[in-house]
Amino acid sequence: LLDHEFIAEEGSRRRYAPKGAAPGQLIDIVYDGQRDFGIGGSGTVHHIAFDTATDETQLQVREKIAQGGLMPTQVLDRQYFHSIYFREPGGVLFEVATSPPGFTFDEKVADLGTNLKLPPWVEHRRTYIEQLLEPIELNPEQFAS
């Protein structure tokens with residue numbers, strides 16, 4: 001349903017990729033019928049995100065998923081991208097997110113990562129969230145070429 005092609009199999013691992021895949025666009029699925037499904041917590045996957053180029057291509061994927069009998073959500077505006085979610089038959093949550101509008105929606109490339117950006121629907125929790133974060137200290141010398 002996500003237009004991925006089977007690439008290879010080794011043991012219980014199967015590799016898939018979209019047509020014309022670039023590095024980082026592969027997905028490996030490992031199946032072990034002798035194990036129970038994971039439950040939320042350390043060591044389990046919360047969700048797997050796939051990207052799509054535009055709102056239009058996302059709607060095409062959503063329609064395909066719905067026709068395949070899976071129950072996708074409506075399109076959700078996540079400020080930096082738009083998302084749909086559905087659970088694959090094994091129970092893992094899949095997300096299909098648009099690339100635009102992107103992380104430069106509200107700041108310049110040079111400023112990325114210098115401020116905590118929160119979407120409007122959690123801005124009221126900023127103080128609480130900031131208290132949970134550990135300071136990040138970077139040594140500029142480690143990034144010198």
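Note that the numbering runs from 1 along the sequence shown for the chain. We use all heavy atoms of the structure for the numbers below, so side chains are in, but hydrogens, waters and symmetry mates are not. These figures come from a predicted structure and were not determined experimentally.
Taking both residues in full, the closest heavy atoms of Phe81 and Ala97 are given as CD1-CB, 3.8 Å, listed atom of the first, atom of the second, then distance. What you find for Gly113 and Glu107 is that their closest heavy atoms are N-OE2, 4.4 Å. The shortest heavy-atom contact between His82 and Asp55 is ND1-OD1, 2.7 Å. Annotation for Ser99 and Asp51: closest pair OG-OD2, 3.6 Å, computed over non-hydrogen atoms. Taking every heavy atom of both residues into account, Ile27 and His4 meet most closely at CG2-CD2, 4.1 Å. Minimum heavy-atom separation, Gln25 to Gly20: OE1-O, 4.3 Å.
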Could you walk me through whether Val61 and Asp3 pass the side-chain contact (heavy atoms from CB on, under 4.5 Å) check? CA-CA 9 Å; Val61 171; Asp3 291 330; 5.9 Å; no

Given Arg13 and Glu10, is the salt bridge (charged side-chain N to carboxylate O under 4.0 Å, His left out) satisfied, shown in steps? CA-CA 5 Å; Arg13 179 180 306 268; Glu10 184 176 313; over 6 Å; no

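Atom-to-atom distance recorded for Leu116:CG and Glu130:CD is 5.5 Å, nearest 0.5 angstrom. From Thr73, atom OG1 reaches atom CD of Glu95 across 9.0 Å, with rounding to the nearest 0.5 Å. For the atom pair Gln131 CD and Arg126 CZ, the distance stands at 12.5 Å (nearest 0.5 Å). Separation of atoms CD1 (Ile129) and NE2 (His124) is listed at 8.0 Å; rounding is to 0.5 Å.
Side chains of Phe105 and Gln79 form a contact here, defined as non-hydrogen atoms less than 4.5 Å apart. Considering only heavy atoms from C-beta on, Glu134 stays 4.5 Å or farther from Ile136 through its side chain. Between Leu59 and Ile84, every side-chain heavy-atom pair lies at or beyond the 4.5 Å cut-off. Within the 4.5 Å cutoff, no side-chain heavy atoms of Phe86 are placed close to those of Leu93. The shortest side-chain heavy-atom distance between Tyr16 and Ile7 does not fall under the 4.5 Å cut-off.
In this structure, Arg14 forms a cation-pi arrangement with Phe6, its terminal cationic atom sitting closer than 6.0 Å to the ring centre and no more than 45° off the ring axis.
Neither side chain, Gln60 nor Glu56, offers a donor N or O lying under 3.5 Å from an acceptor on the other. No side-chain N or O of Gln58 forms a donor-acceptor pair with one of Thr98 less than 3.5 Å apart. Side-chain atoms of Tyr80 and Asp106 include a donor-acceptor pair closer than 3.5 Å. Between the side chains of Thr57 and Thr52, a donor-acceptor pair is found at a separation under 3.5 Å.
Each of Ile65 and Leu76 belongs to its own hydrophobic cluster when Ile, Leu, Val, Met, Phe, Trp and Tyr are linked at side-chain heavy-atom distances under 4.5 angstrom. If you chain together hydrophobic residues whose side chains sit under 4.5 Å apart, Val30 and Leu2 never meet in one group.
The environment of OH in Tyr128 is sparse: at most 12 heavy-atom neighbours from other residues, nucleotides or ligands sit within 6.0 Å.
The distance between the ring centers of Phe94 and Phe50 falls below 6.0 angstrom.
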